[in-house]
Amino acid sequence: MASPIIRIDNIVKRYGPLTVLDGLSMDVMPGEKLALIGPSGSGKTTILRILMTLETISGGHIEVDGEQLYHMKKGADLAPADEAHLHRMRKKIGMVFQHFNLFPHKCVLDNVTLAPILTQGVKKADAEKRAMELLDMVGMADKAKSVPAQLSGGQKQRVAIARALALSPKIMLFDEVTSALDPELVEEVLNVMKRLAAESDMTMLLVTHEMGFASDFADRVLFFDRGKIVEEGKPQEIFRNPRQERTQTFLRKIIAAGHRV
Amino acid sequence: MIDWSGYLTLILEGALVTLQLTVMGSALALVMAFLAGLGRLSRFFIVRALATTYIEFFRGTSIFVQLFWVYFVLPFAGLTLTPLQAGVLALGLNVGAYAAEVVRGAVKAVGREQTEACVALNLSRYQRMRHVILPQALPLMLPTFCNNAIELLKGTAVVSLISLTDLTFQAQVVRAQTGNTLIPFTTILILYFAMAWSISIGMRWLERRMSRSLDGVRT
Ligand SMILES: Nc1ncnc2c1ncn2[C@@H]1O[C@H](COP(=O)(O)OP(=O)(O)O)[C@@H](O)[C@H]1O
Ligand SMILES: [Mg+2]
């Protein structure tokens, strides 16, 4: 059995007096597709942001690909990670945001090639060739020269996915990538994600309210409530036979709100 | 009858000095604006403190006092400047302090999401600023930079107090020699206005160019 690519060990996250994560532990295996579901405010985004080093943690340890994320070895002890360490660790991880966060002053192609050119020293021509392959995969090759303002939400999000993939991270984080989209644009993004999940051996963590999609996408589903994992299991188990009452209540509410299960 | 052509030459020479002051003062102000404006956003306390002190000090004291200090007091510290150098230094530092707040405001207006996207793409701090934040912040700064440059142009008149032969100084010379007030002062009024007007036009042209390359985008 391989060892986990992500080991979250007893992490605590506080915002001032508010404790969002209180001793959370979980492991993710290499290549695993994980869906994080749960009511809003339960800490799902926070976990992804912590893995992307967009937050700091108040306690605990995280190991990514065999190395400490927020700490580094100093002799026998662990010291807080410095910028150089974080820079090295971020190479392993990519993230797609709810609101795309594309660079509005750059065309689609430049959005995708910027980071490979700057951070991996890829030659411009090579970066563009690879970017076009990725844009083709997400169905955006014909918009390579457009700027983000000319695209629909679904198109923007597909570009953002290509942009994150261009760095070939081992781990990809998706935070509610369809929840800012008009309903008719959700499908095109989900289709891209499904293909990605089926074809790639990348480790993926996904936060979503699309239960039907989570069920297709994920090997394992984690149900969060108030910063704790209440229940986890295969999609069929969680969605068809949830054991915990809180999971049942949550799923009933989601169905009532018109989401597909 | 007065022969005005000699006096006109005098005034045009003054215009040249005013132009020099404005251009060099603006260049210094621009450098100071970015140093102090970005300095205020530094993660190092000492850099932030230095930048804040500079900005507060130069906004909190008058340009007259600053000019007198640079020209009359610095020599006691062993630094003697020509009137032109003193004028450029005082004007550049003074206006730079105001423009620094413009730089800071524009950089902050670009928003945290853009920085977070950069972190997720593993860009270094320098790369984030250079390739993502500043290109978006620059068009936001331009309109206020235009005001700052015009303020600086108007401020150049104070250098006549340290007997630098700028536009205002020359007009006073002409007035003293000819006894005529209307003609020299109307002439410099028009010249000042023409210079301010060309600054406006230049900035508007720059703005249009930049927003075209940005495609008018603000998401
Ligand atoms: N920057 C912040 N400052 C203060 N509280 C925050 C901040 N970010 C998130 N929170 C709080 O942390 C909790 C978990 O948020 P989040 O991880 O976004 O939940 P979810 O993604 O599951 O909806 C919420 O109560 C939220 O209000
Ligand atoms: Mg969230």
Side-chain angles (χ1 to χ4, degrees), chain A residues 45 48-49 51-55 83-84 86-108 110-120 145-151 153 156 159-169 171-175 180, chain B residues 34 38-39 41-48 102-103 105-145 203 205-219:
Chain A
T45 296
L48 297 196
R49 289 175 57 83
L51 286 170
M52 195 62 256
T53 69
L54 293 170
E55 301 284 344
E83 190 63 25
L86 290 177
H87 186 75
R88 217 158 43 75
M89 294 304 289
R90 284 181 197 133
K91 287 184 181 156
K92 306 170 191 282
I93 310 170
M95 180 161 180
V96 180
F97 298 88
Q98 189 173 354
H99 295 105
F100 338 120
N101 301 11
L102 291 180
F103 303 134
H105 60 301
K106 293 196 174 290
C107 72
V108 163
D110 291 348
N111 261 277
V112 180
T113 58
L114 182 70
I117 291 173
L118 289 180
T119 70
Q120 299 179 327
K145 289 291 172 192
S146 305
V147 289
Q150 297 166 326
L151 307 180
K156 282 182 196 163
V159 172
I161 292 171
R163 182 176 72 171
L165 289 174
L167 290 168
S168 312
I171 301 164
M172 277 277 272
L173 313 171
F174 299 92
D175 188 16
Chain B
F34 275 92
L38 297 179
L41 298 166
S42 168
R43 69 204 142 114
F44 300 112
F45 172 77
I46 181 74
V47 178
R48 285 201 307 274
V102 179
V103 171
V107 165
K108 292 200 78 160
V110 170
R112 215 176 49 151
E113 288 83 11
Q114 290 287 307
T115 302
E116 293 186 345
C118 291
V119 172
L121 293 169
N122 208 12
L123 303 195
S124 69
R125 282 172 198 278
Y126 170 77
Q127 290 168 338
R128 288 173 217 167
M129 218 15 126
R130 162 75 181 73
H131 295 278
V132 176
I133 308 298
L134 282 182
Q136 295 180 64
L138 228 43
L140 305 179
M141 299 175 200
L142 276 186
T144 322
F145 275 174
M203 287 285 192
W205 175 80
L206 255 182
E207 234 176 283
R208 260 202 314 276
R209 253 188 66 127
M210 280 201 181
S211 64
R212 218 188 359 255
S213 69
L214 255 174
D215 242 20
V217 182
R218 282 265 83 74
T219 48

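Residue numbering restarts at 1 for every chain, and letters A, B, ... go by the order of the sequence lines.
Scanning both residues, A/Thr119 and B/Asn122, for their nearest heavy atoms gives CG2-O, 3.3 Å. Contact between B/Gln114 and A/Phe103 at its shortest, heavy atoms only, is OE1-CD2, 3.1 Å. The two residues B/Ala120 and A/Met95 make their nearest non-hydrogen contact at CB-CB, 4.2 Å. Closest approach of B/His131 to A/His105, counting heavy atoms only: O-NE2, 2.8 Å. Contact detail for A/Asn101 and B/Ala117: the closest heavy-atom pair is O-CB, 3.5 Å.
Contact of A/Leu167 with chain B is made through the side chain alone, with heavy-atom distances under 4.5 Å. Residue A/Gln120: no heavy atom, backbone or side chain, is found under 4.5 Å from chain B. The part of A/Arg49 that comes within reach of chain B is its side chain, from C-beta onward, which places non-hydrogen atoms under 4.5 angstrom from that chain. Proximity to chain A (any heavy atom under 4.5 Å) is restricted, for B/Arg112, to the side chain, taken from C-beta onward.
With B/Glu113 contributing its side chain and A/His99 its backbone, the two residues share no donor-acceptor pair below 3.5 Å.
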Note to self: Run B/Glu116 and A/Met52 through side chain to side chain contact (heavy atoms under 4.5 Å, CB included) and show every step you take.
What the structure shows: CA-CA 9 Å; B/Glu116 293 186 345; A/Met52 195 62 256; over 6 Å; no
Note to self: Is there a side chain to side chain contact (heavy atoms under 4.5 Å, CB included) between B/Leu123 and A/Leu114? Walk through the geometry before answering.
What the structure shows: CA-CA 9 Å; B/Leu123 303 195; A/Leu114 182 70; 4.1 Å; yes
